[in-house]
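See below for the structure under consideration.
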Amino acid sequence: MAASISLHLIGSAQLAARARVATSESRLVRWTLIFVAFLFLVFFLFMPLAIVFTSALSKGLSTYFAAFREPDALSAIRLTLLAAGIAVPLNLIFGIAASWAIAKFDFLGKSLLVTLIDLPFSVSPVVSGLIYVLLFGLQGLLGPWLAAHDIKIIFAVPGIVLATIFVTFPFVARELIPLIQAQGIEEEEAALTLGASGWQTFWRVTLPNIKWGLLYGVILCNARAMGEFGAVSVVSGHIRGRTNTMPLHIEILYNEYQFQAAFAVASLLALLALVTLIAKSAVEWKAKQENSQPHGRDLTPDHQGFLL
Amino acid sequence: MSIEVSKVSKRFGTFNALSNINLEIPSGELVALLGPSGSGKTTLLRIIAGLEFADTGHVSFDGADITEQSARERRVGFVFQHYALFRHMNVFENIAFGLRVRPRQFRPAEAAIRSKVHELLRLIQLENLAQRYPSQLSGGQRQRVALARALAVEPSVLLLDEPFGSLDAKVRQELRRWLRQLHDEIHITSVFVTHDQEEALEVADQVVVMNQGRIEQIGSPDDVYNHPASPFVYNFLGNVNLFHGRMDEGQPVIHGKATGQVVYVRPHLLEIDREPNGGSHFRAHIKHINAAGPLVKVDVITEWGDPVHIQVSQERYRALQLIKDDAVYVIPKDVRVFETRRAS
Amino acid sequence: MTFKQRSILPGFGLTLGFTLTYLSLIVLIPLSATFLKASSLSWAAFWHIVTSPRALASYRLTFGASLIAALINLFFGMLLAWVLVRYNFPGKKIFDSMVDLPFALPTAVAGIALTTIYSTHGWVGRYLDSIGIKAAYSPLGVVIALTFIGLPFVVRTVQPVLEDLDKEMEEAAASLGANRWQTFSRVILPSVAPAALTGFTMAFARAIGEYGSVVFISGNMPMKTEITPLLIITKLEQYDYAGATAIAVVMLVFSFTMLLAINLLQKWSSRHHHSGGTPEVVEGEALHAPVYAEA
């Protein structure tokens with residue numbers, strides 16, 4: 001009798017110990033996994049980032065800044081800002097319109113529309129550029145007509161803007177659709193019953209609710225717009241000082257063995273990437289903070305009885 | 001303002017949400033739309049508000065057809081089940097919203113808006129929480145803010161969708177008494193949706209009982225409770241025992257054989273006695289007694305083997321000295337008889 | 001069913017109209033122009049171009065390197081997601097946000113940076129060279145670049161699933177006597193598999209189309225280290241529009257197939273993920289059930 005009881009006790013003690021071990025790994029396994037993950041990130045993320053800045057600064061600060069005083073570099077920066085300055089606002093307006101129609105209403109063919117909006121993400125950048133060449137280029141469908149009217153799209157700024165719009169097309173819409181869907185339409189209904197017009201409802205109720213998602217989408221859209229290489233490369237024609245964006249300018253410098261200058265310009269884009277990541281983290285943090293507070297649907301009990 | 005709903009039907013896909021609803025709500029009344037889920041009560045409320053559109057039929061306010069008017073034009077105050085407070089605005093701005101979005105020529109001056117909002121904050125007793133955000137309020141407080149927001153635009157009718165649905169039991173009780181009192185003060189035509197029969201009977205002037213997209217009965221709480229028009233209403237408005245039986249010279253007779261008629265009796269309308277004191281009665285033995293609460297709940301088994309719930313007063317329970325397994329007589333005091341066909 | 005349910009919210013016509021117009025102008029019309037252009041080729045000519053030895057070599061490299069890179073990312077992506085969700089260590093926040101770097105860093109910048117590191121005199125390349133491995137200007141370089149650009153996908157699809165994973169499930173497995181490895185392989189792994197597969201497919205699809213980061217490191221030798229997108233550019237530069245279009249059509253068809261596959265995977269994955277989710281809110285509960293006394 002006594003023996004069987006003590007056996008039981010040992011058995012359950014062992015089980016408890018095993019359960020504790022079984023929901024986490026030993027220190028050794030834990031730190032090995034962390035170390036392997038760390039190594040992977042070092043080789044694939046931190047080193048590329050580090051080499052951009054060390055190469056850019058390899059000949060000192062004055063040479064570094066000299067790379068930006070070059071007229072070709074300046075015009076590349078200007079063109080990059082212009083392309084992003086047109087593409088981002090247009091895709092922002094599109095994103096808002098598309099997400100309003102898709103998230104607030106039910107209609108036939110809605111999921112097909114969502115898939116079509118995602119399309120530019122799955123097309124190779126090179127093909128994205130090519131489709132405009134095939135439409136607007138000299139050999140393209142509209143080429144002869146455009147040439148007759150002396151309109152230049154391919155190997156000119158409009159082509160670069162179009163290609164940039166195409167590759168950044170889905171960013172804002174994609175960010176907003178699930179967000180607006182999750183928010184439902186009750187607040188908008190409330191605003192309308194209180195006499196607000198459609199615009200007032202949008203500006204005062206919908207927009208404040210989606211502002212972080214919107215900002216997030218714009219940040220990602222902008223990063224891609226400024227950094228796009230493949231699509232822009234196809235339509236640009238690489239005319240120095242005229243149709244070169246920053247990434248294209250980097251390519252030219254690199255191919256001419258001006259490594260330091262290439263990395264100097266690259267460091268600007270790398271800084272933009274870092275700012276993007278920081279902004280993204282900040283927006284995520286902010287949105288999480290606002291969402292972690294209980295709102296409407298939570299059933300916080302009212303302990304504060306009120307007297308009449 | 002009175003509300004008239006005539007011949008309203010609404011389908012969602014193949015589901016008949018409302019079939020041919022006719023309803024008149026006199027000005028200044030507080031009316032409950034009562035029914036189980038899927039009975040169409042919320043759909044009807046949203047159609048009155050202009051948030052949903054009927055497939056056929058008309059809605060009028062004070063005799064004027066408003067079927068084609070948008071929610072914005074109808075000037076209704078709508079309180080949403082989950083309040084739908086604007087989460088990025090504080091309590092003050094939530095209440096002021098309806099005044100601020102008016103076209104410029106009708107918009108009150110800032111000072112007028114402030115005094116109006118403060119007056120409403122006093123009414124809902126949240127004067128010191130004006131700067132709080134919805135997420136910082138309890139459920140009951142949010143509910144009151146939602147109500148104040150709806151009242152700020154001086155609506156012609158007030159519509160509330162399950163106003164107490166997501167509150168805990170104690171707050172519910174307080175809030176519904178408060179709503180009744182508020183209505184007695186401001187006398188605005190009000191319609192609220194609920195699935196809780198107690199709530200409807202306690203708060204409303206008129207109760208509209210709905211089931212499967214139809215209105216089963218319209219009447220005062222006393223009417224629908226004591227004179228239910230259908231088996232559904234009888235069932236829905238409280239506990240009930242169902243028996244086979246028949247009417248015999250105006251007297252209901254309860255027995256174990258199926259006869260095509262069903263006798264409905266509420267638990268407190270069954271009397272227990274040691275002797276058969278004339279009239280209709282049947283024999284049973286006690287299976288379980290629960291004496292906690294204002295009424296004593298006694299479960300008995302009839303002589304033909306069916307379980308029956310009975311409620312007796314504490315005095316009666318003590319006078320009879322009931323204990324488990326006692327053989328007793330059960331005497332129905334008031335019953336309703338419906339055909340089986342209708343009862344199913 | 002009618003085209004659209006009547007709704008009280010305004011703006012449907014305006015927003016949908018704008019959406020469709022913009023979508024057509026920017027995406028649909030240019031894309032169909034490509035297919036229109038391709039249709040001017042005869043089937044035999046088309047087939048000849050897309051199955052030429054140089055094109056076939058480029059497919060082999062593109063698909064092979066993309067597949068290897070996606071597999072590397074599948075393994076390390078799960079490892080990273082696991083480490084980021086389950087363990088605490090200094091610098092975790094920075095690690096977490098750095099995972100998105102390949103999304104944010106322009107591909108040309110990544111391309112020249114990776115080339116510099118992995119070339120014969122680079123930080124890593126010189127050590128690889130000393131043991132006889134040539135990283136840059138070889139198929140291995142292509143794999144390295146494609147691993148870089150596909151890195152975030154698996155991490156970002158698996159991470160939320162791991163975060164939501166019910167700890168009690170693991171405790172249940174442990175209390176039933178499973179050791180840690182059994183718990184991982186039989187309980188955790190099946191739960192994250194759909195998400196991991198989605199991430200893998202996304203990384204693969206992205207790698208197939210990648211151009212910017214690869215052209216610098218690959219060396220671009222026809223038949224050896226020439227990826228398909230580069231072949232399109234080469235043909236364009238030689239004014240061979242028909243050739244470029246034909247190969248672009250092959251890539252587009254593949255893109256659409258992958259898009260479809262990813263959509264289906266995501267549907268499957270979210271269904272799998274939410275199978276034990278919260279029950280629907282019921283409008284009201286059943287009232288006291290009546291006692292039906294029936295003989």
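Below, chain A is the first sequence line, B the second, and so on; all start at residue 1. Computed from heavy atoms alone, side chains included, the values below leave out hydrogens, waters and symmetry copies.
Taking non-hydrogen atoms and a 4.5 Å limit, the residue list of residues 204-214 of chain C in contact with chain A, ordered by number, reads C:Gly209, C:Tyr211, C:Gly212. Applying a 4.5 Å heavy-atom cutoff, the residues of residues 147-155 of chain C that approach chain A are C:Thr147, C:Phe148, C:Leu151.
Using a 4.5 Å cut-off between heavy atoms, C:Phe18 touches chain A through its side chain atoms alone. Within the 4.5 angstrom heavy-atom criterion, atoms from both the backbone and the side chain of C:Ala244 approach chain A. For chain A, the nearby part of C:Asn263 is the side chain; its heavy atoms alone come within less than 4.5 Å. Contacts of C:Leu236 with chain A are made by side-chain atoms alone, with heavy-atom separations under 4.5 Å and no backbone atom involved. For C:Leu252, the part lying under 4.5 angstrom from a heavy atom of chain A is the side chain only. For C:Leu36, the part lying near chain A is the side chain, with the backbone staying farther off; criterion is any non-hydrogen pair under 4.5 Å. Residue contact with chain A, scored on non-hydrogen atoms closer than 4.5 Å, is absent for C:Leu230. With a 4.5 Å cut-off on non-hydrogen atoms, C:Val249 does not touch chain A at all. Using a 4.5 Å cut-off between heavy atoms, C:Met251 contacts chain A through its side chain alone, with no backbone atom that close.
Not counting sequence neighbours, A:Tyr216 has no partner by the ring-ring contact (aromatic ring centres under 6.0 Å, His included) test. Evaluation of the ring-ring contact (aromatic ring centres under 6.0 Å, His included) rule for C:Trp181 yields C:Phe184 as partners, not counting sequence neighbours.
A donor-acceptor distance shorter than 3.5 angstrom exists from the side chain of A:Lys104 to the backbone of A:Gly184, with no hydrogens or angles considered.
A salt bridge between C:Arg86 and C:Glu163 is absent, with no side-chain N of the basic residue lying under 4.0 Å from a carboxylate O of the acidic one. Note on A:Asp106 versus A:Lys110: salt bridge recorded, some NZ/NE/NH1/NH2 to OD/OE distance being below 4.0 Å.
Note that CD1 of C:Ile26 and CG of A:Leu90 are 7.5 Å apart. Values are rounded to the nearest 0.5 Å.
Looking only at atom types and distance, the side chain of A:Thr206 has a donor-acceptor partner in the side chain of A:Glu188 under 3.5 Å away. Between the side chains of C:Thr228 and C:Thr62, at least one donor N or O sits under 3.5 Å from an acceptor N or O. Donor-acceptor pairing under 3.5 Å is recorded for the side chains of C:Tyr87 and C:Trp82.
Ranked by non-hydrogen atom pairs under 4.5 Å with chain A, the options C:Ile8, C:Thr107, C:Leu16, C:Leu23 are led by C:Leu23.
Taking the six-membered ring for Trp and thresholds of 30 and 60 degrees, C:Phe95 and A:Phe46 have ring planes inclined between 30 and 60 degrees apart.
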